Every structure is written in C-alpha cells, then in structure tokens.
**Q** 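My structure is below; once you've seen it, I'll send some questions.
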Amino acid sequence: MTNHWIDIQHADVILCIGSNPAENHPISFKYVEKAMDAGGKLISVDPRYTRTSSKADTYAQLRPGTDIAFIGGMINYILQNDLIHRDYVVNYTNASFLISDAYAFNDGIFSGYDAETFHYENDSWAYQLGKDGLPLRDNTLQHPASVYQLLKNHYRRYTPEKVCEITGTAIQDYMEVTRTFCATGRPDRVATIMYAMGTTQHTYGTQNVRSYAMLQLLLGNIGMAGGGINALRGEANVQGSTDYAILYHILPGYLKSPTFDNVSLAAYNEKWTPKTSDPRSANWWANTPKYMASLLKAYWGDAATAENSFCYDYLPKRSGNYSFLKLMERLQQGGFEGLVCMGTNPIVGGPDASAIAKGLDKLQWMVAADLWETETSVFWKRPGVDPKTIDTEVFLLPAASSVEKEGSISNSGRWAQWRYKAVEPPGDAESDAFIVDGLIKNLKALYAEGGTFPAPIVDLDWNYGDGHEPDIAMVARECNGQFTRDTEIKGKLYKKGEQVPSFAFLQDDGATTSGNWLYCGSYTEAGNMMQRRGQEDPTGMGSYHNWSWCWPVNRRVLYNRASVDLNGRPWNPKKPVIAWNALTRKWEGDVPDGGWAPMSEDGSKHPFIMIAEGHGRLFAAGLADGPMPEHYEPMESPVANSMTGQQCNPAVAIPGNIDNSGRYPYIGTTYRVSEHWQAGAMTRNLPWLVELVPEMFVEISEELAKWKGIANGEMVTISSPRGAIEAKALITARIKPLRVGGKMIEQVGLPWHFGFNGLATGGSANVLTTAVGCANTSIPEYKAFLCNLEKGGIKA
Amino acid sequence: MTAARRIATEVKSYHGFIKFLIALVTVGAVASLLRFIFGLGATTNLNDTYPWGLWISFDVVTAVPLAAGAFTLGAIVHCFHIKKLEPLVRPAIVTGFLGYSLVSIGLLLDLGQPQRGWHVFRYWNVHSPMFEVSMCVMAYTTVLFLEFLSPVAERFGWHLPLRVLRWLEMPLVVAAAAISTLHQSTLGTFFLIAVDKLHNLWYNPLLPLLFWVSAICSGMSIIILEASACHKWMGQPNEGVLLRTLAKILPWTLGLYIALRVFSLVALSDGPFFDRPGLTISFALEMGIGFILPFFMFAQKSVRDDDRRRSIAAGLVIFGLVLNRFNVSMFGMMDPDKIYYPSLIESLVTIGIIAGHVLFFVLIARYFPIFEHHPETVDYTIPDPLRKVGGASPSLSSAD
Amino acid sequence: MSTLDTTKNHAFLIDMTKCTGCRGCQVACKQWNQLEAEKTVFFSGEGYQNPPAMSEYTYTRIKFRDYQKNGQNEFAFYKEMCMHCNDPACASVCPVGAFKKTAEGPVVYDDKRCIGCRFCMIACPFGVPKYEWSKGLPLVKKCTGCHDRVREGMKPACATACPTAITYGPRAAMIQAAERRLARYPDRYIHKVYGKEEAGGTSVIYLTSLPFDELGFKKVTMRALPSFTWQALRLVPGIFLTVGGGLSALSWINHRRDRIKALREADETGTETAEPKEEQQ
C-alpha cells in the first residue's frame, strides 16, 4: 500500500475494484465504515455482488478481466472534462514530458513489438531529452507528443458506451461510479483505491494496477491522506515475504536479482542503478550499490570484502523466468529431482492443478513443511491415482504456526508488527527458522567436506545464537544492519557492531551490513522498533507513529511530498499528511518522503523519489507490455476484443490448453470467502470453520439455474479444457449474466479453497484455471477463464 | 395358596378387556423405561421448535381438566348441598385421584431432569405459573389421596383414621375446590406468556377463566360418561336420575363458557383470525361440536333424560375440551412448515397412561367400596364441638 | 482494552448496516464457551448461513438474506442471539427461578437448579433457549451474555471479535448512540431501534437498513412478557380466599340449615335427645 489501513478512514470516495475487503479483510472494513460515517462513499466494482457490495453506496457489475476498459473510461472522462488536479499533474507527474516521435500505437500494439518473441523493445517509448539530459516538457500540456496528449488520445476510444459494451456494466451504474470517483480531483476531496487479486491475477495484471495509479495521479490522490493505491495483501505476511524477496526476480528490499549477464558487481550496479541528470530528482534507487553491498556483507560476513566484490560471485545468477508458472512447467517435464514446499500447497493453489499433480508424481523427493497434511504433501493419495505408481519420497516437517513462534509480520500497510510466542508448538512441530537453520547448518557441514562450488554455502555468515532455534532478535538485528567497523558519518562516530540507524547511513564500501535495506531502522540501538505499542496519535490522522515500525523509516504515507503544494502547504489542510513549518524549517506530521525543503526552494527534490525522473509516471516505459494500459481480453474469452484487433496481451505467449471455440460458454472466476483461507489446509481442518462453510460450491445466476433446471444445493459439474470438478450449486441473484457486445454471457464463480484432504473436502477450483500469467509478474490468470456447467456430479 | 398364586388366579379371572389394558400399561411402562435409558431427545419427537409435545398437551394440560369431576362434584354435593348426587362423589374422587397421580407420572416423564423435581420445594418462583401449578397439583393430589383414603379405610376397617377423615371431609372439599380453581385456571395462565406464538383464535387475557369454566364442564361430563360406563359394563345401578340432575347444570356452565369465549374473541382479541385454514377448521370443530352443540343438547330435557343422548352430549363436551387443550398447547402454536407429531414412544406412554387410568379405576372399583355409598347412609352433620346448634342429631351410621 | 462499569446494566448495540456477515462473532462465541462444532451441509438457508439454527451447540448465529428487491440486490445479515430482556419471560416462568437478570445486564441460567420443564423455551418470544436433546440429563443452553467476562470488566466475546457492527456499553448510552445514528444518517436506517421497547425492553438493540421482518426479526409485543401471566397470577391469593371462603360460607350456611331442619323435625316427631351424642364426630 502507498497508504495504510487506518488511513482509509480519511477517504471521501473508496473504490473497491478487484477486491472484496468486507469478505477477506473484514477488520479493515472498520476503517471503510469510519470513512462512510464521515460522509465517504463506497463504490464496489465486481463481477458479483459481494459482502463489500452489500455495504456499498454504488455497485457496478464488471466482467472479469475488463478492468482496464473500466478504468480507461474513467481516465477518458477525467481528461475530456478536465477534472485533473492541474498543479499536481503538471508538477508531480510526467504528464508534461514529451515522448519520442518513434512512439506509436496501432490497433492494440505499441511500437517496438516482435510477434515472434512476444516481446517489446521499448526504445520508442523513451522521453525526448534535452541537451541537459533532462526530459523535454510542455507544462501547458498542449504539445501533441506530451504524455498528457498521448494519454488523451489513447483513451479517447474509451467512451462510456464502448466501455460498457466491453465490461457488461449498466451504463447508469458506470456513470455513477465515474462521476463520484472523478470528482476527487479537487484538492479538498480525496479518493482511495483498494485492490487485490481480482486486479492482479490476469495476464495484464500489472497494467491493471498501472491504470489505478494513473487514475490517482491525474486526480492528485497519491501521497494524500485517504488516497493512494492500496493493495490488500492476500496473506498475513505476504508483504513481509515480498519485502524479503520470496520471489524469483528480486533480492531483499526489491533489489533486482542479478541475471547471467550481470557478470560483476560493477556490471550489476551499472545495469540496475538508475541514473538521472535532474539535480532535483532524489532518484533513491541510485543508492543501489550501497544496499547491494550491505546485503552481500550480511550474507557472507567477513568473507565478503571489497576485493572480492563482497562475494558477488557467490550469488546465483538467473537466466530467465523462474516464476511459479515456469517452475510448474518444468516440474511437469520432469525437470526437478526434488521440491521443497514451505507453507505452500500448489496442487490446490496453482493453476491447472491436475497438471501440477502429475508433475509432482515425477519428483524423486519432496519436503513439505506445513501445519497440516496439505494436499500437496499427500499428493500420491489423491483420488484417481494408485499410490503404488508413484516413487516420490516425501518428508513432512510439521511446522509451527504464527502464534507458536516469535517474529514480525508485515501488514499491507508495511507496518512490521512484532509477535510473541504465545504457546509452544504441538508435538514435533518447529518454526520455519528452525527448519531453515537446520537445513543450512547441515548443508554447511556437508559442503565443508566437498562438493560442487561449496564456497557460497560454506562461507555463509550464519550465526544466530546457540539456542534450540535461531534467536529471532539476532535475525532482526541483522536485517536492520550493523556497522562492520568504526565509521564516521557526518561528524558522528558509529562503532563497530552498532545498529545502523537508517538506510541513509548504509555504505557501499563494506562498512555496513543490512539484510534488507528497507528494514534499516527497524531495530536500532534503542531496540526493536517493531515491538513498540504506543497508542499516541498527536496528529489525529491515525498514524500512530509509535505503534510498531513501518518501512521506509516509519513513513506511514508514501510520496507524501505530493500532498503539499510547491510551498509545502497541504493541498487539503483538513487532512494534512505533512506540512512545512517555515519558522522551524522542518516538516510536521508524518515522516516526510525526503526531508528537503519545499519545491519552491533550492535544494528541494521531486516527490516521487523512487523514480529516476522523480515524477509519477502516467506513461511508464519500463513494463513488458506497454507504456499505457490497453484493454485486452483474457486468454480464454467468450468475445472478440471490440477495442482493437489484438485479442490478448501481445506480450504473453498463448498457452496450449485453452479453448475459445465456444464449447465452454461461461466465464469462470475464482475468489475467496471469509471463512476459509487460501488453499484451505489452515481452515478446512478447523471444525468451527468447517461448520460455517462445509462444502465446495459454485455460485450461479438464477437465469442459468433455470436454463439448466438446477435447484439450489444440487450437485453440478464444472468443466474447462484443463479438467472438471463437482460442486454444490448456490443459486443467487448476486451473480448475473453480463450484457457484452449485445450478447448475454453467463458467469459462474468458485471459491478455490477446497481440496481432497482435511476435515472438509471438495473439488479444487484450480483444476479449471489456466497456467498463463501476467506479462510482467507471471502471476496466473486465475480470475478469468471459460468453463461449462452441467447438472449432476462427476460420475465416478 | 401362595400370594403369587392367588394374584395369578385373580388376574386370570379378569375380563379380556382388563387383560388388554394390562398389556397396554405394560407396553407404556416399557416405553417409559426406554425414555429414561435413552433420554428425551432419542425417544421423543421433541426438539427446539417443539419443546412441548404430546405429554404436556395430553398428560398435563388435558388430563388435569378431565379429572376435574372430583372437585366439581364435591362442591356441588357438599357445599351446594345437592345431596342426592352423593353416590357419584366417590367414583369421581377415584377418577380424580387416579387422574392426578397419572398427571404426576406424565410430568415426571416429561421433565428433563426428573430427579430434580423436588427443586420446586427448595427454590420458589412465585411469578411462575408452573410453580403455582406444581404446588397446587401436589397439594390437590394429597387432598385427593386423603379423600380416597376413606373407602380404603372402610375396606380395611380402620376406624380411627376413618373418623379423622370424616372430620376432615368438609375442609378437604373446600380446599379441593379452591386449589382446583387455582390450578385449572393457571394452566390457562401458562399460555398467556405465548403472546406472540399462540394463534389469535385462542390467545386472549381470559384464558385462565376459560380453562376453569371448561374444566368444570368437562368434569361433570366425565362423571356422566363414567357413571354410564360403570352401569353399562360394571354392573352398577343406573344412576340416570342423578345424572339428569347433574346434566341440568351443564347448559349453564356451557353457556357461560360460550359467552365468555365469544366475548373474548370479539372484544379482547386482535385479528387476523381465519388466516390459517387448518386452525380455522380446528376452531370450528372445537367450538361447534365441542361446546355449542352439546349446549343445545343439554338445554333440552329430552336429551338430559335420555341415557344414550345424554352420554353422547357429554362425549361431545369431552371432545371439545380435549381439542381445546390441544389447540391451545399444540396446534395453535404449530409452525405449518415444520409440524410436530408424537413419536411411537410418546404415543405408547400416553396410551399406557390412559389405559392405566381405566385399569386402575376398574380394579379399585372391584376391590374397594366405591359404589356402595348412598346418601341415606351418610351423616352430613358438621361435628359441632362448640354446640352452637343444639339438639339431637341422627346417629352416625357406620359403614361396615 | 476498556473496562466496563460493572455497576450498570449493559447492552449490545448491533448495527446490521455495519455487519459484513463474517461470523467472527459466531466463532468467538464457540471459542469462549468451548462449544462443539455442528456437522453441517450446504445450504441451510440463504447464502452461506450455517448451522441451520441456534442449538445446544450454537448460542449465536448470523442469518443470511440474499434476495432482490425492486431490482436491487440485498445481501444482508442478522445476528440472532439471546436478547437479555430487562424483564425476561424465561426468568418469570421458570418454576425454580433458574434464570436471573443480572445487574450487569446478561440474563444468566443456573444449570444447578433446572428441572428440565422447558417452559422457558415456550415463554421466550425470540425462541432463544435451546435444549440438550443429545444428552441423557439435558440442560437448557443459551447465550450467557458472557457474564463471566462482563463481571471482570471485559466485553463479551462476540463484541470483542466484531470489527464493525457490535458496540457494548451501558444500555442508556447504547440507546442514545442508536438514536444519534438514526438522526445523523436518516437515509441509511429504518427508523426504529429494535429492542428499545420489544418485550418491555431488551439488552440487545438493533439498527437495520432493511425492514426488520425481511431480515428475519420476530414481531414481538412491546410489553414485558411476565406482565401477561402476572396479571392472572397476582389474583391467586384473592381467588383462593374467595373460592375457599365462599364455599366454606356456603357449606356452613347449608349445613346449619340442615341442622335446624333436623332439629325442627325432631321437635315435630317428638323424639329428641337432649344432649348431643359425644361420640359423633
């Protein structure tokens, strides 16, 4: 999130699109309701009428996968009716920047496309640079090559009629949403967007999010209290997990993971450190070498020296896409000897789940660490399979739950809240730290006796005490980082071993370590900041700066320098995030996103400090599938793309096992319910939760039920080109067919929590989904596929 | 002969109908045992929607007014001094005593924790109609027991207890009538609390009064039926003359009941009344056949004087009473989407209880001087220790 | 965690417009009271509601409504639970006084006294008390109002778990808060505070945006239910004395008349005994 949970209460308009917070983040809904009590309006845009919709002022039905059309229409509305926050847009975004004349967009394809490789070269998307190396600008926003005009031209096609033809939304609902949301371009009105997997789990998921960012930048809502774009993370600590780079393409703190052609640390730094000629751009990623060096020092300790580039050569270099989708692909090709599943259940949670199951059969060994016997950990017992035909050796390591171990959990608002160990884990269950510690120590011992390239393991700096399991406080201290030697910075001496106060103090010469630069400041000499539970809120804005610690440097609202005008006065004095005190020459309120003076003074910096050019990108050249979001259809779609001739995302290879012939006439989508959790092991084994939602079900419209002669509660079979499952039909008026391009198209919705193991069992919805993912992130397109539905269960 | 052999021979000599009753009672006893072994939930069709079923509706709410003959007749004979009805008193008392004893058994079976039944003595809630009914029923059963002891004492020749009982007779009769008035009416008070549950056809603030009046009607009707049955099947004399007199009272009580009912519906109840067809029919049957028709019948001398038609009319009143009690305690609170019907065990127990009543009445009549009481042999004088009224009094006859 | 003032009668304010039907309250109640999970299937009503009814294992339950009205979707929720009436019907009808309205607000049940007559189940207009049909020596089961928590200054389990809809505090304050909400957001609510006067006033009050009967609320009298039986029961002593006294008087009069008549007859026939026989009793 750019903002945080409590901040939502300040919004005048809350748009829940691709998310269902009342359902899946019910505690957060407290703040949505506070906003509504203060006069705020809640808008729910969703294929179904959900628990969130039941509380919303406005509900608009949306066909799965058509977010870009929906938002594009809103962008068009803003631009046509000049509803932008002009000062904000001109000064803080790249709206005024001029784009290369080579840039073009034709019938769904941007310039630079290679159809053979599904790949874009983005040279033509670059800014026109002046002699000073800075982008050329037109602050009147009139220049035809200006981002603003390109935007206007691009989204001119997204008229309300066209949009509704694509999304299936009733036009009066669409206009109500648009008018309400787009009225927040005024400085004293602010809107927030709450989004989640409904947004991201598409082949253009990243562009979906981009469209929200653009909307908010045009309206001047980023950096404002009650504004921002706010991802509702899908798990308690998935924020922590991405912060700590449990994703193939990053290192902790969202540093890029090195690729095979980053042959040295210097080459790596050269490639990945952004550069700018703009003295007013903070370009915070210019600190990459410092963070990288500190990270490497944390990994290899004393073995990492300036001479050996801090053991950069020990880091694995990747040569492609190692995303979950690719892993599962390789798994099915028999490409893995073994697989370690820590708290993951791919046979239920992964797309095209039956194929994943067949892939698991090919493993020689598997280690599963989990609280329960997940379906993945007993994959050989799945229905329809003879265990005798499977040779995999499986180890199940019972793991401790979050209340049975100490550590931090980072919420969607980036607040890392420390948790204590409340109870001992049952039986032989151990914490993940114990498990990983055991693995590493044993590997170290084995590699010390020899092996292929033992150094990276043997030289690992691994010292977390002598207790039964690693001392989590020591881990936290290391993630924060320490000084490796006495260092003087700005006249102050920091002794060897001292905690680094913040990432501003990290060095590129090996003087510091830091396991995660973002968390530098979380554990200082004063102690564990994440443990704090101060309930003071002197600003009254719900910041609670003394309650735990958030990254970066305890800044609650990101990009908050955009919440003030050029003189440092809040755009909305009633809801200030920061304000410049001209007397003390200090910022008051939240931790400012850079302590420099306001932009009207010398030495100031642009608000968007993580971007090389310092300005929010309405036009973003750095993405795999285009600088501006464009509507494409999902890989499986019942209709042709009526916006352009390009049916699907051109940057995504078309998968094999799809069927757009019409044999599968209904749109399928997946989602979650309050009562169950992810792949279900944690909830389908708890009697009190099983009591609430005991069986797998599929939500179908009253019209479809009537057509097929299905009664409520009757067993039906849902099938797709990937497989079939059975489920009980829940007939409800909350899911309705969509009017798309003049046709009525039915949609069905399935929760994906069920599997064959546990107290409550049922068909896995992911048997139906397609293993194709986002052009940028590879997140699978779980939210839109085609299926068929027939009365009656699967005959055994 | 051993006692067992004597009993066996005796039983073998019973009429087939009696043996049948013994069988029914035995089956009922077995069913009761099952209820205790397996619990209420497993043996009855009671559930959270229907916590009260056949046992409350019949064994308590219906059986109590059916046993109302005892106090009614006692008051008529001893307070209102219609002495010629004296022969009917003892059988009525036996009916009453048996009836109330079986009510107590039925109640104990229905209670979830019958072993805690004594708690009503320890923990009092005077606001509770059920507390009042429990206390009254226990007191009245004691009264009935004491009244029943008279024929027992006579049978076994216990003279001192007999004298004590004779001395207690008046106070007991008055107590019986007062206590019965209380609990007969409070059975109606029970349902005053079901203000949003009991259908408008039956719910009104006069329920207690209506229950008391209908109990009096049914008490007298039971006596008519029971005396006729004793004549027909037990060889007792035809008390038709007495029954005629008793029947004269009925049109008044039935008329009062109908008037109160109409008044309560018209002036004291809110509609809608006829929104449930099933209940409308039940109401029509109850009022029409159970009260209005017998009212007209008993109003005619020809009916009152004719043994057969008099019995039919009495039977209709009983039908009306039973249906009324079921309407108030069960049908009028029934959810049409989820109806209750008694389970096999519930039914067997209730049948066993009814059979037990008839069986023990017959046996008591066989072995105790129930029917040998006649007015001319009874000394009605109140013992007069203060000798306020002087003069001789007829000598006391001893029944031996 | 705020501590409650245990000298005051507390009430729940449940604003159904804020409820998302997440059923955290249902599970919190089960957890606090260590109640068994029932074996359930889909579907027991509209939406995802389960179990099908409150029972000996389920003291509170969210009922779902999922329907259309005037072309608009309605997806609404109603938390059914014991209403903790100020003058409870259950307490008034229980022959052994097993129910008690405590000073802190909850109506509590003393399972040591209960004889199992189940009159409370008939009496409760909200259909709250449930019975342990599964047991051989069954007891009544219902929401305890978390009296054990409230006594210690804590809030009930459901109120603590609920992030949005349930507020708990002194009854007067809760009613005031409810009325303030009605005044402040007149378009949001049906203008009625359910529980303010129902059954004479309860300690669970509700606000809704949909008509109460559509949500499944029962229409209940505005009078305290015990007053219905008390208006008859309070006459008991009087009736006893009237009937008893009346009949006593009547029989005394009649017996006296008989005795006088007998004396007169004795006079006429000439046979008399001067002394009354001693042995007659």
Side-chain angles (χ1 to χ4, degrees), chain B residues 38-41 46-48 51-52 75 78-81 111-114 116-117 119-120 123-125 127-132 134 163 166-167 170 173-175 177-178 181-182 185-186 189-190 192-197 205 208 379-384 387 389-396, chain C residues 53-55 89 92-97 113-119 121-123 125 130-139 218-221 225-226 228-233 236 239-240 243-244 247-248 250-252 254-256 258-260 262-263 266 271-274 276-277 280-281:
Chain B
F38 293 105
L40 273 177
L46 299 174
N47 52 49
D48 287 330
W52 284 355
H78 290 276
C79 300
F80 290 89
H81 245 121
L111 279 184
Q113 304 236 17
R116 288 184 180 184
H119 280 199
V120 290
Y123 305 111
W124 287 24
N125 178 9
H127 290 261
S128 165
M130 186 170 286
F131 173 76
E132 199 259 35
S134 311
R163 284 211 196 105
R166 291 274 161 82
W167 184 78
M170 271 320 298
V173 164
V174 171
T181 301
L182 289 183
S185 57
T186 305
T189 308
F190 266 42
L192 288 181
I193 202 101
V195 56
D196 298 305
K197 294 184 180 180
D379 174 6
Y380 284 103
T381 56
I382 299 175
D384 185 12
R387 295 193 187 82
V389 179
S393 39
S395 64
L396 192 70
Chain C
M54 291 196 293
S55 71
S92 119
V93 301
C94 176
V96 291
R113 287 195 181 192
C114 179
I115 61 174
C117 75
R118 309 184 303 285
F119 199 359
M121 298 172 73
I122 297 282
K130 303 294 176 191
Y131 209 52
E132 283 188 310
W133 300 107
S134 66
K135 300 241 166 64
L137 287 177
L139 293 167
K218 291 192 164 64
K219 190 152 170 27
V220 153
T221 178
L225 274 91
F228 287 99
T229 50
W230 188 241
Q231 74 193 15
L233 275 181
V236 160
I239 291 174
F240 185 77
V243 172
L247 287 175
S248 301
L250 192 60
S251 32
W252 188 82
N254 281 324
H255 277 100
R256 186 163 178 274
D258 277 353
R259 216 176 290 130
I260 292 173
L263 284 174
T271 53
E272 57 216 305
T273 351
K277 286 237 169 62
Q280 77 188 31
Q281 292 304 329

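Owing to the predicted nature of the structure, the values given are computational and were not obtained by experimental measurement. To find a chain, count down the sequence lines: A is the first, B the second, and so on, and within it residues start at 1.
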**Q** Out of S55(C), A123(C), G136(C), which one racks up the most heavy-atom pairs below 4.5 Å with chain B?
**A**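 Greatest number of close heavy-atom pairs with chain B: A123(C).
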**Q** Against chain B, work out which of V243(C), L233(C), L139(C), I239(C) has the most heavy-atom pairs shorter than 4.5 Å and name it.
**A**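 Going by pairs under 4.5 Å, I would pick L233(C).
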**Q** Quick check: closest heavy atoms across Q113(B) and P138(C), and the distance to 0.1 Å?
**A**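 For Q113(B) versus P138(C), the nearest heavy atoms are NE2-O, 3.1 Å.
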**Q** Hey, what do you get for CZ (F80(B)) to CG (L250(C)), rounding to the nearest 0.5 Å?
**A**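 Nearest 0.5 Å value for the CZ-CG distance: 5.0 Å.
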**Q** For residues L192(B) and F228(C), report the shortest heavy-atom separation together with the two atoms involved.
**A**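 Residues L192(B) and F228(C), closest heavy atoms: CD1-O, 3.3 Å.
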**Q** Answer with side chain, backbone, both or neither: which region of S134(C) has an atom nearer than 4.5 Å to a non-hydrogen atom of chain B?
**A**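 S134(C) has no heavy atom closer than 4.5 Å to chain B.
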**Q** If we define contacts as heavy-atom pairs under 4.5 Å, which of S128(B), G39(B), G41(B) has the most with chain C?
**A**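 Maximum pair count with chain C is reached by S128(B).
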**Q** Between S92(C) and N125(B), what is the shortest heavy-atom contact and its length?
**A**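 Distance-wise, the nearest heavy atoms are O-ND2, 3.2 Å.
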**Q** Less than 4.5 Å to any heavy atom of chain C: does that hold for the side chain of L182(B), its backbone, both, or neither?
**A**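 When you check distances to chain C, only side chain atoms of L182(B) fall under 4.5 Å.
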**Q** Check whether any side-chain heavy atom of S251(C) sits under 4.5 Å from a side-chain heavy atom of M170(B), and report yes or no.
**A**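 Yes, their side chains come closer than 4.5 Å.
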**Q** Less than 4.5 Å to any heavy atom of chain C: does that hold for the side chain of F38(B), its backbone, both, or neither?
**A**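 Neither part.
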**Q** Flag the one option from C117(C), P125(C), S248(C), G97(C) with the top tally of heavy-atom pairs under 4.5 Å to chain B.
**A**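 The residue among C117(C), P125(C), S248(C), G97(C) with the greatest pair count is C117(C).
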**Q** Can you say whether P51(B) sits under 4.5 Å from chain C via the side chain, the backbone, both, or neither, judging by heavy atoms?
**A**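 Both backbone and side chain of P51(B) come within 4.5 Å of chain C.
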**Q** How many angstroms lie between atom OH of Y131(C) and atom CE of M121(C), to the nearest 0.5 angstrom?
**A**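 One finds 8.0 Å between OH of Y131(C) and CE of M121(C).
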**Q** Sort K218(C) into side chain, backbone, both or neither according to what part of it lies under 4.5 angstrom from a heavy atom of chain B.
**A**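 For K218(C), no heavy atom lies under 4.5 Å from chain B.
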**Q** Given the options V173(B), L46(B), L40(B), V120(B), which has more heavy-atom pairs under 4.5 Å with chain C than any of the others?
**A**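 Highest number of heavy-atom pairs under 4.5 Å: L46(B).
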**Q** Is there a ring-ring contact (aromatic ring centres under 6.0 Å, His included) between H81(B) and H255(C)? Walk through the geometry before answering.
**A** CA-CA 8 Å; H81(B) 245 121; H255(C) 277 100; 4.5 Å; yes
**Q** Could you have a look at R116(B), H119(B), M130(B), K197(B) and say which one has the most heavy-atom pairs with chain C under 4.5 angstrom?
**A**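 The option with the most such pairs is R116(B).
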**Q** What is the minimum heavy-atom distance between L137(C) and E132(C), and which atoms define it?
**A**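 Looks like O-OE1, 4.3 Å.
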**Q** Counting heavy-atom pairs closer than 4.5 Å to chain B, which one of G244(C), A53(C), C94(C) comes out on top?
**A**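 The candidate making the most pairs under 4.5 Å is C94(C).
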**Q** If I measure from the heavy atoms of chain B, does Q231(C) come under 4.5 Å with its side chain, its backbone, both, or neither?
**A**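 Just its side chain gets close to chain B.
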**Q** Do you know which two heavy atoms are closest between F190(B) and F119(C), and how far apart they sit?
**A**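 Closest approach of F190(B) to F119(C), heavy atoms only: O-CZ, 3.5 Å.
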**Q** When heavy-atom pairs shorter than 4.5 Å are enumerated against chain B, which of K130(C), M54(C), K135(C) gives the highest number?
**A**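 The answer is K130(C).
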**Q** Highest number of heavy-atom pairs under 4.5 Å with chain C: which of A75(B), G117(B), A175(B), P129(B)?
**A**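 Counting heavy-atom pairs under 4.5 Å, the top option is P129(B).
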**Q** Need one label for D196(B): side chain, backbone, both or neither, based on atoms under 4.5 Å from any heavy atom in chain C.
**A**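 The side chain, not the backbone.
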**Q** In terms of heavy-atom proximity below 4.5 Å to chain C, should T189(B) be classed as side chain, backbone, both, or neither?
**A**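 The answer is both parts of T189(B).
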